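Note sheet for the following structure.
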There are 2 protein chains.
Amino acid sequence: MALQESGEMYLETIYVLSQQKAAVRSVDVADYMNFSKPSVSRAMGLLRDEGLLKKDTGNDLKLTEAGEILAKRIYERHTVLTTLFINLGVDEETAAEDACRIEHYISDKTFDAVKRHMMKCNK
Amino acid sequence: MALQESGEMYLETIYVLSQQKAAVRSVDVADYMNFSKPSVSRAMGLLRDEGLLKKDTGNDLKLTEAGEILAKRIYERHTVLTTLFINLGVDEETAAEDACRIEHYISDKTFDAVKRHMMKCNK
DNA sequence: TATTATATTTAGCCTATGCTAACATGTCAA
DNA sequence: TTGACATGTTAGCATAGGCTAAATATAATA
């Protein structure tokens, strides 16, 4: 079944953390998201079941190719929407918070339209 | 506690239907939202508990003042966001679908910025 | 190596919010 | 007035996704 906001947030977090440190562990995700370790543990199991997270390696969390594609997709929405809102005059913190929720609910079509619009304005 | 997406959708639906017909009943809401009658029945009880729906009158659903303020707030987000997306080149159906989800997640600050931007562009 | 500290998992609770099945209450027409 | 259809409610199930407490694993240090 399609990923919900929750799953997308976990993927995005693993992706972001993996760009900051060599190895990402469950506890890092828990700290970053302010969730309990059991919540993260279960979520990681679900992502594994969905084939978005690798099963093998010790305890390090590694996205599969499919997982990384999805994570990047969400993360792009995050950065583009944040920039958009800042361009509209919203303060950085609010812009990021809104982007972080909306990124899960905007369709491809609408997101593409938003991106095109931003390109045009930045020419 | 703050209203979730679900509660906001019920309020908005009651508001929209009340502009189309004299009396709105649970079954009208169920038909409109494609939800079962028990789901609507329970949701109406919760809205009443929250003071957003009047308790008295027979079976007609009437928003309280607080409920109407919230409903209008969401509905405005719906219409403004839909128009925004259409202006960006998104087809009407997709624009409305996206607006219908995003309306629950956009902050006041960001929504106001979006509105200001649209005013400017329509001058 | 043995002990302690850190990570992870298991078990099970809770809330929100959809559902069906079954029951209750109208309301209206024969 | 009564039977039938519409409407509403009660009871209880399911899923998603947080949580704590407690048990395991794993790692690091005395």
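Throughout, a chain's letter reflects where its sequence line sits, starting with A, and its residues are numbered from 1. Predicted, not measured: the structure shown is a model, and the values here were computed from it.
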Distance check needed: [N] [atom2] versus [X] [atom1], whole Å only.
X: B:M44; N: D:dG8; atom1: CE; atom2: P; result: 11 Å
X: A:N59; N: C:dT9; atom1: CG; atom2: P; result: 6 Å
X: A:D60; N: C:dA7; atom1: CG; atom2: P; result: 12 Å
X: B:D49; N: C:dA16; atom1: CG; atom2: P; result: 11 Å
X: B:M33; N: C:dG18; atom1: CE; atom2: P; result: 7 Å
X: A:L47; N: C:dT9; atom1: CG; atom2: C1'; result: 16 Å
X: A:F35; N: D:dT20; atom1: CZ; atom2: P; result: 12 Å
X: B:E5; N: D:dA16; atom1: CD; atom2: P; result: 17 Å

Using a 4.0 Å heavy-atom cut-off across all strands, classify A:N34 as base, sugar-phosphate, or nothing. sugar-phosphate
When we call it a touch if two heavy atoms are under 4.0 Å apart, what does B:S26 touch: a base, just sugar-phosphate, or nothing? sugar-phosphate
Separation between CG of B:N34 and OG of B:S39, rounded to the nearest 0.5 Å: 11.5 Å
For A:K37 and A:Q4, take the nucleotide of DNA chain D holding the closest heavy atom to each; which residue's nucleotide lies nearer the 5' end? A:Q4
Toward the 5' end of DNA chain C, by each residue's nearest nucleotide, A:R48 or A:R42: A:R48
Upstream residue (5' side of DNA chain C) when B:L46 and B:P38 are each assigned their closest nucleotide: B:L46
Lys/Arg-Asp/Glu bridge criterion (N-O < 4.0 Å) met for [X], [Y]:
X: B:K21; Y: B:D60; result: no
X: A:K109; Y: B:D98; result: no
X: A:E76; Y: A:K115; result: yes

[X] side chain N/O closer than 4.0 Å to the phosphate oxygens (OP1, OP2) of [N]?
X: B:S6; N: C:dG18; answer: yes
X: A:S39; N: D:dC19; answer: yes
X: A:S36; N: D:dG18; answer: no
X: B:Y10; N: C:dG18; answer: yes

Does B:R25 make a side-chain donor-acceptor contact with the base of D:dG8, cut-off 3.5 Å? no
Near-strand residues of residues 98-106 of chain A, defined as heavy-atom separation under 4.0 angstrom from DNA chain D: none
Does the cation-pi check pass for A:R101 over B:Y105, that is, NZ or CZ under 6.0 Å from the six-membered ring centre and within 45° of its axis? no
Over 12 non-hydrogen atoms of neighbours within 6.0 angstrom of CD in B:Q20: yes
Would you say that more than 12 heavy atoms from the other residues, nucleotides or ligands in this model lie under 6.0 Å from the CD of A:Q19, or not? yes
Could you walk me through whether B:H117 and A:H117 pass the ring-ring contact (aromatic ring centres under 6.0 Å, His included) test, one step at a time? CA-CA 13 Å; B:H117 175 256; A:H117 175 257; 5.6 Å; yes
